[in-house]
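In listed order, ligands and their atoms are each counted from 1. Counting from 1, the numbers follow the sequence of the chain as shown.
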Amino acid sequence: MCSHLAATVGLAATPDEIVITSGSQQALDLIAKVLLDPGDLVVTENPAYLGALQAFQAYEARAVGLSSDEHGLQPAALLAFLESSPVRPKLLYLIPNYQNPTGVSLAAPRRAEIVAIAARFALPVLEDDPYGALRFSGAALPALGAFPGARDCLYLGTSSKILAPGLRVAWLVVKDRALREKITTAKQAADLHTSSFTQRIVHHYVQQPGVLDAHVATLCEVYRNRRDVMLAALTRELPAGCTWTQPTGGLFLWVTLPAGHDTTDLLHIAAREKIAFVPGAPFWVGEPVRNTLRLNFSNATDARINEGLARLGTILRRG
Ligand SMILES: Cc1ncc(COP(=O)(O)O)c(C=O)c1O
């Protein structure tokens, strides 16, 4: 795991600094349990990963969604918030690579800026990175914790999107020893340990030279083609006024329909046409932008992607 992290995201970690968790979702829960008290603030992108928001809310923390665009969280928004907030947030939660739900990645210059701002305000950063390996083009960017001057950066990876979600094997890098011990104690209280059986399966798989890399390369090729099919279908099928992100990796893209649409209502109409998408509203922190939706491009065949988008286009044109 340590050599994998060094090779893929430039993160130097020792085995002691890694906590194996039962999926990265458990790590989100454990971090929230250990770090967050009722009323604490967690700063994040907007929209943000729903499962993380739920984990933070379960401990009565309050999420603050900051302005984000096609290059990810805006550093100026983070700085302005930290300078003006009377309450210091406890955590900055980010998905810098192919974010869930938007598919957007945090641009390299912004990473350096955000790391510097977080260090200046002694704000711990949790980098959630389930999708980073699913890169279709461009060079891999280092983990936030690998940037010069980074402090208190936690890094979270998982086997879920590169091997199988059912394994429930993930890895959390925690450099701070006191925090790591608290997380380990909380983990023991929750489930004693992550299944040693599935850990052995992952270990058996990854220790064979080149096997994981070859598998990930296959995934990237298949998903890249499906992303291209979906982008072409969106251009062909959706009416004027619709926009969408252009992810360079991951599983998702994010569509914004013309103002006035509510995708939660639209889903019921779509279901009658035997198509589905994820309505955008629950991903927003604060006031939801109701004309947004998340599409997954990795899981369906080209024919089904084309047919699904044709049906969505017909529904939208019907009004
Ligand atoms: C950003 C993000 N974090 C964490 C998870 C949880 O993944 P797992 O618990 O399967 O590792 C997901 C799953 O979709 C995700 O998208």
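Looking from atom 16 (O) of ligand 1 to the surrounding protein, the closest heavy atom is Tyr131 OH, 2.5 Å. For atom 13 (C) of ligand 1, the closest non-hydrogen atom of the protein is Lys161 NZ, 3.1 Å. In this structure, the protein non-hydrogen atom closest to atom 3 (N) of ligand 1 is Asp128 OD2, 2.6 Å. Among protein heavy atoms, the minimum distance from atom 4 (C) of ligand 1 is reached at Ser24 OG, 3.4 Å. Closest protein heavy atom to atom 12 (C) of ligand 1: Tyr49 OH, 3.3 Å.
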Can you give the donor-acceptor pairs under 3.5 Å from side chains of residues 52-65 to other protein atoms, not counting sequence neighbours?
| unit_1 | atom_1 | unit_2 | atom_2 | d |
| --- | --- | --- | --- | --- |
| Tyr59 | OH | Asp29 | OD1 | 2.8 |
| Arg62 | NE | Gly39 | O | 3.2 |
| Arg62 | NH2 | Gly39 | O | 2.9 |

Would you give me the side-chain donor-acceptor pairs under 3.5 Å for residues 89-96, sequence neighbours excluded?
| unit_1 | atom_1 | unit_2 | atom_2 | d |
| --- | --- | --- | --- | --- |
| Lys90 | NZ | Leu35 | O | 3.3 |
| Lys90 | NZ | Asp40 | OD2 | 2.5 |
| Tyr93 | OH | Asp128 | OD2 | 2.6 |

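Only side-chain heavy atoms of Arg168 come within less than 4.0 Å of ligand 1; its backbone N, CA, C and O stay farther off.
Listed by number with element, the atoms of ligand 1 under 4.0 Å from a non-hydrogen atom of Ile95 are 1 (C). Taking every heavy atom of Gly23 and a limit of under 4.0 angstrom, the matching atoms of ligand 1 come to 9 (O), 11 (O). Near Ser160, meaning under 4.0 Å from any of its heavy atoms, are these atoms of ligand 1: 8 (P), 10 (O), 11 (O).
Checking Ser105 against Asn97 by side-chain atom types alone, no donor-acceptor pair falls below 3.5 Å. When only modelled atom types and interatomic distance are considered, Asn296 and Ser298 share a side-chain donor-acceptor pair under 3.5 Å. Under the 3.5 Å distance criterion, with hydrogens and angles disregarded, no donor-acceptor pair is assigned to the side chains of Thr185 and Gln188. Judged by distance alone, the side chains of Thr256 and Thr292 never bring a donor and an acceptor atom under 3.5 Å apart. When only modelled atom types and interatomic distance are considered, Arg294 and Asn100 share a side-chain donor-acceptor pair under 3.5 Å. Trp171 and Ser159 share no donor-acceptor pair across their side chains, judged by distance under 3.5 Å alone.
The shortest N or O to N or O distance between Asn100 and ligand 1 is under 3.5 Å. Taking any N or O of Thr158, backbone or side chain, at least one lies under 3.5 Å from an N or O belonging to ligand 1.
For the pair Pro130 and ligand 1, a heavy-atom separation below 4.0 Å is found.
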